[in-house]
There are 2 protein chains.
Amino acid sequence: MFSRARRTIAFTGEASDSVIMICEGWAISFIQLPDGRRQILSVLLPGDLVSVASLFDRRQQTAVQTLTDVSYCLYHRLDVLQKLMAEPPVMDALGAITIAEKQEADALLMDLGRRTAEERIALLILRLLDRLGRRNLARGDVVNFPLRQQHIADITGLTPVHVNRTLGNFRRDGILEISDCVLKILDMHALRRLGETRCP
Amino acid sequence: MFSRARRTIAFTGEASDSVIMICEGWAISFIQLPDGRRQILSVLLPGDLVSVASLFDRRQQTAVQTLTDVSYCLYHRLDVLQKLMAEPPVMDALGAITIAEKQEADALLMDLGRRTAEERIALLILRLLDRLGRRNLARGDVVNFPLRQQHIADITGLTPVHVNRTLGNFRRDGILEISDCVLKILDMHALRRLGETRCP
DNA sequence: CGCGCCGTTGAGGCTCCTCAACCCGGGTGG
DNA sequence: CCACCCGGGTTGAGGAGCCTCAACGGCGCG
């Protein structure tokens with residue numbers, strides 16, 4: 001399947017026996033309140049399942065929106081579950097995905113609950129770089145980066161205005177630059193330092 | 001197995017082939033930064049697995065601490081996985097747990113990212129009441145409630161001081177009272193209203 | 001040309017944090 | 001038996017971080 005950028009390819013509350021896996025491009029899964037407040041739960045990169053839970057649930061708990069043009073696969077829930085029961089390697093793969101998903105979610109919870117704006121944004125970028133690196137999708141210090149400031153805000157629980165100021169500081173301090181969907185890391189050490197916790 | 005209140009029964013980074021399931025009492029799973037900041041990821045009630053991910057991971061990603069005296073079971077990871085492959089009903093149960101866990105985590109992310117202190121605390125209590133109700137552990141408007149204000153702060157990403165003031169307001173407004181590990185709901189409708197999103 | 005999206009910047013204000021002090025009850029040890 | 005400490009709750013004062021509102025510029029697109 002294929003979708004243009006900025007399309008919603010799964011809606012909250014919708015029933016569906018399909019499980020989405022991203023093959024190419026970036027997407028997000030998120031939930032939204034009636035008053036418009038939105039929280040992005042995860043950024044989906046090539047190879048990602050929307051969530052392991054979607055394997056077991058007919059009802060979509062989250063919406064999925066593409067950031068770039070995206071190609072993705074739709075598997076039938078029950079087919080996957082059957083394979084799971086029959087083939088141990090598939091189960092192992094599911095285990096690995098489960099662990100990765102949980103780690104990302106836990107890290108984000110810690111960010112939102114206990115970290116400053118600077119730390120949240122620095123760590124968001126570091127984790128994305130790490131995930132891209134593992135998939136050989138990032139070579140060097142210049143990376144394709146389709147997240148808008150509004151997206152960064154909806155991931156980190158900040159406002160777009162404050163994201164803008166913080167990114168402005170990063171640029172001013174020669175740490176990184178984002179422009180035209182391109183992220184340039186200028187000082188990886190400084191970026192790491194921002195993400196690390198300074199013990200008092 | 002049995003543990004007294006306020007004991008740590010699993011440590012971050014520790015390797016172990018056991019999976020913990022709470023049988024009686026309350027516990028929390030959390031992560032902590034070197035500088036002391038702590039984020040509680042979930043409150044564990046009777047019947048809860050620490051996390052589905054712990055089934056697949058030898059390494060504990062989170063710490064687990066008891067709030068009350070707790071009795072719990074230790075299963076061997078591989079035994080459970082084997083049962084999972086062999087017995088479809090076990091797989092179904094795992095599916096249900098996976099879904100519930102994801103919903104709780106998503107709700108908490110939304111809280112931390114996008115809700116006010118009042119909403120976070122109100123929703124924390126509402127979700128706990130709901131979970132207790134499903135297990136027939138809550139009868140009526142008076143519930144055993146072993147969370148200290150410090151715990152509420154570490155779940156909601158607030159400071160204990162601010163939790164105190166917010167709970168003080170709830171009490172002043174006749175919404176709820178917490179004292180001596182007992183939660184009294186005085187006005188459930190008002191509490192629900194606090195948790196709901198007012199559309200603008 | 002006009003419009004909408006996105007990034008940027010300024011001014012002002014609210015939520016929530018920090019620091020600090022105090023109270024209370026329970027445990028502990030001299 | 002009492003002094004002491006410690007964990008937990010409560011309250012006040014002041015301040016920081018982040019938000020809100022608002023305006024503007026650049027760019028792509030109909």
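The model shown is predicted, which means the values in this text are computed figures rather than measured ones. No hydrogens, no waters, no symmetry mates; every other heavy atom, side chains included, goes into these values.
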Between [atom2] of [N] and [atom1] of [X], the distance in whole Å:
X	N	atom1	atom2	answer
Arg37(B)	dC17(C)	CZ	P	13 Å
His151(A)	dG7(C)	NE2	C1'	14 Å
Leu112(A)	dC18(D)	CG	P	12 Å
Gln150(B)	dG9(D)	CD	C1'	12 Å
Arg165(B)	dT15(C)	CZ	P	14 Å

Lys/Arg-Asp/Glu bridge criterion (N-O < 4.0 Å) met for Asp69(B), Arg7(B): no

Salt bridge flag under 4.0 Å for residues Asp141(B) and Lys184(B):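 No, no charged N to carboxylate O under 4.0 Å.
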
query: salt bridge (Lys or Arg N to Asp or Glu O under 4.0 Å) with Asp154(B): which of Arg120(B), Arg37(B), Arg38(B)?
result: Arg38(B)

query: Of the nucleotides dT8(C), dA13(D), dG9(D), which one has an atom closest to the side chain of Gln149(B)?
result: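 Closest nucleotide among those given: dG9(D).
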
message: Checking contacts here: which listed nucleotide (dC18(D), dT18(C), dG8(D)) is nearest the side-chain heavy atoms of His162(A)?
response: dC18(D)

message: Could you go through Tyr75(A) and Asp79(A), starting from their C-alpha distance and side-chain angles, then the distance that decides it, and tell me whether this counts as side-chain contact (heavy atoms from CB on, under 4.5 Å)?
response: CA-CA 7 Å; Tyr75(A) 299 108; Asp79(A) 291 348; over 6 Å; no

- request: Just call it for Arg120(A): base, sugar-phosphate, or nothing, with non-hydrogen atoms closer than 4.0 Å on any strand.
  value: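 Here Arg120(A) touches no strand at all.
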
task: For Leu158(A), answer base if it contacts any base atom (sugar-phosphate contacts may also be present), sugar-phosphate if it contacts only those atoms, and nothing otherwise; contact means non-hydrogen atoms under 4.0 Å.
output: sugar-phosphate

- prompt: Under 4.0 Å between a side-chain N/O of Arg6(B) and OP1 or OP2 of dG8(D), yes or no?
  reply: yes

